[in-house]
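These notes concern the structure reproduced below.
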Amino acid sequence: MGGMTAAPSGNPLLGDWSRAFGLPPFGAIRPQQFRPAFEEALSRHQAEVEAIAADPAPASFVNTIEALERSGRLLDRVDSVFSVLAGADTGEAIEAVEREVSPLLARHSNAIYLNRALYARIAALHDRRAGLGLSPEQARTLDRYHTRFVRAGAALEKPAQDRLAAINERLASLGTQFGQNVLADEKAYALVLEEGDLAGLPDFARAAARAAAEERGHQGKYAITLARSSSETFLQFSARRDLREKVFQAWIRRGENGGATDNRALIAEMVALRAERAQLLGFASFADYRLDDQMAKTPANARKLLDEVWGRARAKAEAERDALQGLIAQEGGNFALAPHDWRYYAEKLRKARYDLDEAELKPYLQLDKMIAAAFETARRLFGLTFTPVDVPLYHQDARAYEVKDAEGRHIGLFIGDYFARPSKHSGAWMTSLRKQQKLAGAAPVILNICNFSKPAAGEPALLSFDDARTLFHEFGHALHGLLSNVTYPLLAGTSVPSDFVELPSQLYEHWLEVPEILEKYARHAKTGAPMPKALLDKVLATRTFNQGFATVEYTACALVDLDLHGLREPGALDVGDFERRDLAALQMPAEIVMRHRLPHFQHLFSGGGYAAGYYSYMWSEVLDADAFAAFEEAGNAFDPATAKRLRDTIYSAGNLRDPAEAYKAFRGRLPSVEALLKKRGLTDAAA
Ligand SMILES: [Zn+2]
């Protein structure tokens, strides 16, 4: 990319980006430059689209679809830098721009998708598609355009379109507010502790808590924050039941604290607007609308899978609960296991049963070594190499690597930004500054954003096994973006249905557990010694430990999501009441809380990428469990022929094919749920 000359205004967002890998000039970017840059980029894109719609020549693939694919490059550029900063390094100024710009972007998207003249050209091409002499990729691109326009309401009458446009703008503002509210609640909270409050906490957790306190100006004290790595670790190890309860309550009440950051009214409005939008488009509910364009196709299909898992998971969780309650009794406790006790006693039970202690494991899981392990896996599977490069990024903790293929050709740039900080939204995600495409000859720039605890100066960053799995997960998404090999940007990388997009990421997690990877990269932070074989064996033996809990915690979220977005007339919804009643109907075990309660469920409401789509993780897990079995059947986790097929059909293929077809091209058939049940240890109910 690049080649754009410096803007007369001197706004670096509109200027030349031809320096290092076409990266934005981060050092020169100021929050107040975004609003004018968005305005310029939106008006340029608008003019490009209007010219395509008004072209006097009859519609052709080149003058309509390809022209649309070439349009909006400045907007892509400005928007992708902005999105990265708004997620990973935000502040009041960026948040203000985000609130101003999100309805503008929604209005802009409405103006394109509801443009009648433009839709008429796409529909005319779609009608004549068989006779256009298109390549398979071109045919797929045209088909995706047609589907997207129809699903956005392009074929509706004007009054319905006007209402849709208003709904979309409002939803965009609500989604922005939702995410900002969660972040505000997270930033506002820190449990500041004294040395004497740390009973049970291993060294790494003390070090992380000390660093977190320092970052917040409490020198010499210890802080537990609402970053998942901080609060979950505390819940797992703290012997102080009173403090565990405090942290847990703060954690599950995010977005539900009353006042300006309370999300419940926003959720009710969003759910009602989504249902209304779906009905304008001819669907019974938002879930019906959403799943129509997913691999699952209908809420009933998604539900069938979740139901198959739910009963088994609950039974397993109940057996786990009884074992934990037994442990409490053994220790002379006379209280019933509460949600804030589960992780603590599960950790104890794991230690007792498998003699495996997370604190003993953690020194072997250094962040730098786990990054190297993810890279090594990509080298052995796909021939990729990763070389650190010194380029200016948006934050000192972010690091960049040039990615090359086995022949030494430039593939793209990978940026890892791993540490939690107050300016970062919670969770872990992959995003991009530039997507791969051959049409304009662009190499991808892909980011992984995580929230691991930052160590104190001079200490190595250590991960939990869960953190390491998250790292591999996001890196799998990154490879989906980096290996993408398509002509048209619409089809690039992760531009696939959300119930398919978790296949490359979840599949990649399997290689973390391949013994030869752990043997090489799980090295003790102080001594450099490899992880002892006995410890490694214990790690692998505990894979299905506590999986009843994990499966219940997740599946409850997926079921509540489908129920909420399956409402035909949500009306004036009392969100807290809905959540309580739905969980009661599902017979949710009282000792487990949803992994994401509705008031902070960002997958559903911060933007809405996974609204009626949280089931996607499990849908994709059916695929990943079965896909990894292909390597096991080949007797080699790096089997070259299987790896090549995987790259050709999945990791490099973006949305070139319907997901079911893509999977069949890899595996020769569709999977069954059996591999998933086995992987999670749900084939019998014993804890
Ligand atoms: Zn993912």
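If you read the sequence from its start, that first residue is 1, and numbering goes on from there. Please read all numbers here as calculations on a predicted model, not as lab measurements.
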Quick one: does [X]'s side chain get under 4.5 Å of [Y]'s, heavy atoms only?
X    : Y    : answer
K404 : T387 : no
L104 : E100 : no
V150 : Y119 : yes
K679 : E621 : yes
L273 : L174 : yes
L68  : I122 : yes
N655 : F500 : no
F34  : I94  : yes

Exercise. Please step through side chain to side chain donor-acceptor pair (under 3.5 Å) for the pair Y615 and D561, ending with a clear verdict.
Key: CA-CA 8 Å; Y615 76 93; D561 170 31; over 6 Å; no

Got a second to check how far [X]'s [atom1] is from [Y]'s [atom2], nearest 0.5 Å?
X    : Y    : atom1 : atom2 : result
R140 : T487 : CZ    : OG1   : 14.5 Å
I371 : L471 : CD1   : CG    : 6.0 Å
M430 : L479 : CE    : CG    : 9.0 Å
S432 : H480 : OG    : NE2   : 12.5 Å
L623 : M295 : CG    : CE    : 5.0 Å
L503 : W619 : CG    : CH2   : 13.0 Å

Heavy-atom donor-acceptor pair, [X] side chain to [Y] backbone, under 3.5 Å:
X    : Y    : answer
Y651 : L482 : no
D499 : A296 : yes
D639 : N636 : no
Q161 : G153 : yes
R434 : A443 : yes
Y113 : R151 : no

For [X] and [Y], take the angle between the two ring planes, folded into 0 to 90°, and tell me which bin it lands in: parallel under 30, tilted 30 to 60, perpendicular over 60.
X    : Y    : value
F286 : Y289 : tilted
F475 : F414 : perpendicular
Y610 : H603 : perpendicular
H108 : H45  : tilted

If you draw a 6.0 Å radius around [atom1] in [X], do more than 12 non-hydrogen atoms from other residues or ligands fall strictly inside?
X    : atom1 : answer
K438 : NZ    : yes
R568 : CZ    : no
E633 : CD    : yes

Taking only Lys NZ, Arg NE, NH1 and NH2, and the carboxylate oxygens of Asp or Glu, determine whether [X] and [Y] approach each other closer than 4.0 Å.
X    : Y    : result
E48  : R73  : no
E376 : R379 : yes
K664 : D658 : no

[X] and [Y]: which non-hydrogen atoms are nearest, and at how many Å?
X    : Y    : result
S672 : V622 : O-CG1, 3.5 Å
P392 : L23  : O-CD1, 4.3 Å
L114 : A154 : CD2-N, 4.1 Å
A20  : V391 : CB-CG1, 3.6 Å
T642 : A630 : CG2-CB, 4.0 Å
R290 : A611 : NH1-O, 3.2 Å

Practice problem: Determine the sole option in H126, R129, Q138, R148 for which the side chain to side chain donor-acceptor pair (under 3.5 Å) test with D143 is passed. | Solution: H126

Quiz prompt | Test salt bridge (Lys or Arg N to Asp or Glu O under 4.0 Å) applied to R669 and D626, step by step | solution = CA-CA 10 Å; R669 54 162 175 75; D626 182 72; 3.1 Å; yes

Practice problem: Among F631, F472, F375, find the one that has a ring-ring contact (aromatic ring centres under 6.0 Å, His included) with W511. | Solution: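 The residue from F631, F472, F375 that satisfies ring-ring contact (aromatic ring centres under 6.0 Å, His included) with W511 turns out to be F631.
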
Quiz item: Among T176, D79, N168, whose side chain to side chain contact (heavy atoms under 4.5 Å, CB included) with L105 holds?
Solution: D79

Practice problem: Go through the side-chain N and O atoms of Q506 and D624 and say whether any donor and acceptor fall under 3.5 Å apart. | Solution: yes

Quiz prompt | Worked check of side chain to side chain donor-acceptor pair (under 3.5 Å) between E502 and S620 | solution = CA-CA 5 Å; E502 298 302 329; S620 289; over 6 Å; no

Quiz prompt | F61 ring center within less than 6.0 Å of Y488 ring center | solution =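 Under 6.0 Å, so yes.
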
